[in-house]
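Below is one structure, written out as structure tokens, with a few remarks after it.
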Amino acid sequence: MTTIYIIAAIVLIVAILVVIFRLQVLSAVLKGRYEKRVGIGNDINGLLFVIVFVVGVGAFWYSYQQASAFFLPAASSEHGVRTDQLFWVTMAILVAAFLVTNALLYVFPYFYKYKEDRKAYFYPDNHRLEMIWTIIPAVVMAGLVVFGYKEWTAITSPAPKGAEVIEIMGKQFAWQVRYPGKDGVLGNYNYRNIDAVNEFGIDMNDSASYDDFIPRELHLPKGKPVLLNIRARDVIHSVFLPHFRVKMDAVPGMPTHFWFVPTKSTADMRDETGNAKFNYELACTEVCGRGHYAMRFVVVVDEPADYEKWKASQETFASLNRDYAAEKAPKLVGLLPAKVAAPEAPADSTAAPADTTAVAAH
Amino acid sequence: MSSSDIHIHDHHAHSHDHDHDHEHHELPWIRQYIFSEDHKIIAKQYLISGILWAILGGLFSLIFRIQLGFPNADLSWMKPVLGEWIQNGKLDPEFYLAMVTMHGTIMVFFVLTAGLSGTFSNFLIPLQIGARDMASGFLNMLSFWFFFLSSVVMFASIFISTGPASGGWVIYPPLSALPQAMSGSGLGMTLWLSSMAIFIVSSLLGSLNYITTIINLRTKGMTFDRLPLTIWAFFITAIIGVLSFPVLFSAALLLVFDRSFGTSFFLSEIYIGGEALSNQGGSAILFQHLFWFLGHPEVYIVLLPALGITSEIVATNSRKPIFGYKAMIGSILAIAFLSFIVWAHHMFITGMNPFLGSIFMFLTLIIAVPSAVKAFNYIATLWKGNIIFTPAMLFSIGLVSFFISGGLTGIILGNSAIDIQLHDTYFVVAHFHIVMGSASFFGMLAGVYHWFPKMFGRMMDERLGYIHFWLTFIGVYVVFFPMHYIGIAGFPRRYYSWTGFDAFNSFADLNQLISIAAILVFIAQFIFIFNFFYSIFKGRISSLNPWRSNTLEWTTPLNPEHGNWPGDIPHVYRWPYDYSKPGHNEDFIPQNVPFSQTPHSNFPHEKDSNE
């Protein structure tokens, strides 16, 4: 019943609007509005452009003040500081261009609105003007390209020797990370090895796999170069570390890389932001399905000493899955560490598999 | 000249300022209005389909804007329409992605490609170059009906139980290739690919026709350097379309093979749904190269016609020649050429070779130069003009504003080092909605307001046009400008909700503001829709040349029949921008007026040749 009332009300309102519209058209016809070349509307529109521009610039200024309080804090990586700088310098140039061109665009309509006794200035061409506004943007662009190119080549150059290598793997809908352990070498993997236990598809027949560990958080050392080996096992994901200005797609079948130097530990950031609960985060920025928005992974930057301590405390994948490893690679059973007293105890802090179905529920 | 069933009635020439209804057509009704070969009818068919699609595409955006602006709202009231896609008062996340995908697909292809190019290329090419119809009226008709068929398939996909395609309008595999990855990648994706394949056929038929017509059917005296900029824009757009759409077709075809026939063009080393797939050796990035080889030129397929329309309207209503006619043509050509060699700037962070990234950054930033030339030329055209604010003129000025604002942020995104942070954030969404979405949309609206009198012989109400413009213009900025802030703050695109992240849980109020503004802008479009349909039937009868324009379409009778000119096709003697020429008593001289009739305004080099 309410639906019918609502529909009736809408019909009534529309009917009233149509009648008002017809009345104003008829009165305009009677007043002879359509016999003149332009009406009062021309002056109003001309003026509105100026008003909209002035109010618009004010709104731009005000909204920027309000919004910038919520921008990301200063970059926590070496290259991030430089790309941020490049961004804001470029932005300043663009805002200047934006204001000048839009000012002209909005002011000309006001100054040159139609007047009966005036004729427009027949001005079809000016070679020199055309040259000027071809060359100026070209020079500015060239400058931006040079700085962008320098930055880009620096960021994408090969990682320095001795960088911490960490593997990140995206799947629907979670991230998982793997550390190479003491030997500094990640064990081989093959996607055909993947199963419920072995989410990475680690090859247990590779002796380098036996000290790899799969923690529940991504830990990074402050001040040391970190090389992320990035892959995906089902669809394309994208590694996004907003605070570090890091982004790289994770592509099934094509490993990708990104290296950077974290410069602020999580504790530093807690001080800087005044937020005792601050955490770095890893997000996905390539649409990957229903849980795309929920691929959160906590990132912790430690002081180098703490980082080493944390690494030493992690239990390896192999020792947490002794039976599995023994079954897959009976010849390498000798590489498994001796059983410790309570092997199951630290499982919650080190076991890898995040629950994929929890996300799907919402 | 073109098809044989065009009838020319000489007596119309003597009575052309009356609104005649001619009852003695020989074609049956269905051949006249449904399966018509008349380019003007086909243009109207495209326009009305485009408007219907735009309403649907806009509506879809409201659904996901409501989710983003009001993440905690109870959406049970949508259940009567959306059914199972609403669970416990919440929008299903996959349906959210489906809405995002369909909004993009509909707006890019069905509204701004078919609705814009299809309408105005069809309508204006024969009328402005002085031809009786397209080179092939039959292929033209076929082009529309392929488009219609593709529309039907796409529309049907919205209603299937697994939902329409939902991997984003860019349909990157493996997400789009594997039904296990999301439900929209099942039948919905099959229908999407079928629809797009048919759409490409339609687009190619149309484009080939436009190119052929412009090259072959120009009236006497209509040399290329006398073509209105609209025609130049449509011409180049059609060429871009012919060269790039087949590449999308091949990408879609290979994807179909991967999906249905077990090939591995784009698939490799995938473990999904508890099993390792046998596909190996494919490259997911290859698809992106193929897609963006169309995808980037597509931006200009959408934008160039709007810029052409704007050139014509700005010159006419400034009562001034367009500034730098040759530079405008040059910049169209430069943009068209560059549009083919910048595609990989969409892929800086896909893991492709960084050196390739450098090259594409360099090429991308070059494109800013011809774009800047266009913007400056528009502004110079306004300078010292005698400006009449028709609704079309307002929308054209709005377009230039969007073109500048959105184009500038492109300089940031084209810089690969900065793009690392901003890629796939709301900064990108803001950028392309302003420069490509809103600018092209404004071009389309400007075109409708400007050529409505020629299409229907009646005028649209200008006051409603003014209200429509100001609400939409301000509204678009309120919707898309704040998205830059959200993007700078790092918010990723295509997120159902941001509340799970500490980094992205600010800006709830800003997102609310955007959503409310989007709803208001959408409602404001109904002012236009009312004005449009009302004026078709009840608008004031137009005069023959209501905007005092120079181009040839205004020399036809009020409601031209198939064949456009009742008598001979007028000859062309001059370029289309002789506005406010010194020495002439009026502020315009149509293209079909010989120099011999305007002795006081001719420049020394201007005289009629071979007459």
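Atom set for the values below is all heavy atoms of this structure, side chains included, hydrogens, waters and symmetry mates excluded. To find a chain, count down the sequence lines: A is the first, B the second, and so on, and within it residues start at 1.
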For A/Y293 together with B/W498, are the ring centres under 6.0 Å from each other? no
Could you look at A/F240 and say if it's the side chain, the backbone, both or neither that has a heavy atom under 4.5 Å from chain B? side chain
With a 4.5 angstrom heavy-atom cut-off, is it the side chain or the backbone of A/L129 that approaches chain B, or both, or neither? side chain
Under 4.5 Å from any heavy atom of chain B - which part of A/V145: both
Is it the side chain or the backbone of B/R494 that comes within 4.5 Å of chain A heavy atoms, both, or neither? both
Verify the ring-centre separation between B/F481 and A/F60: is it less than 6.0 angstrom? yes
Under a 4.5 Å heavy-atom cut-off, does chain B meet the side chain of A/I132, its backbone, both or neither? neither
Hey, would you say the B/H584 and A/F122 ring centroids sit under 6.0 Å apart? no
Can you tell me which portion of A/V52 sits under 4.5 Å from chain B's heavy atoms? Options are side chain, backbone, both or neither. side chain
If I measure from the heavy atoms of chain A, does B/Y378 come under 4.5 Å with its side chain, its backbone, both, or neither? neither
Engaged part of B/F530 at the chain A interface, taking heavy atoms whose separation is under 4.5 Å: side chain
Where does B/I486 contact chain A at under 4.5 Å (heavy atoms): side chain, backbone, both or neither? neither
Residue pair B/Y96 / B/S497, side-chain donor-acceptor N/O under 3.5 Å: no
Heavy-atom cut-off 4.5 Å, strictly under: side chain, backbone, both or neither for A/N126 against chain B? both
Counting only non-hydrogen atoms closer than 4.5 Å, does A/Q66 touch chain B with its backbone (N, CA, C, O), its side chain (CB onward), both, or neither? neither
Centre of A/Y110's six-membered ring, under 6.0 Å away, within 45 degrees of the axis: is that where NZ or CZ of A/K113 sits? yes
For the residue pair B/F323 and B/F376, is the inter-centroid distance of their aromatic rings smaller than 6.0 Å? no
Do B/Y495 and A/H292 have ring centroids that are under 6.0 Å from one another? yes
Interface moiety of B/Q280 toward chain A, non-hydrogen atoms closer than 4.5 Å: side chain
Checking A/F258, A/W152, A/F244 against A/H79 for ring-ring contact (aromatic ring centres under 6.0 Å, His included), the one that qualifies is A/F258
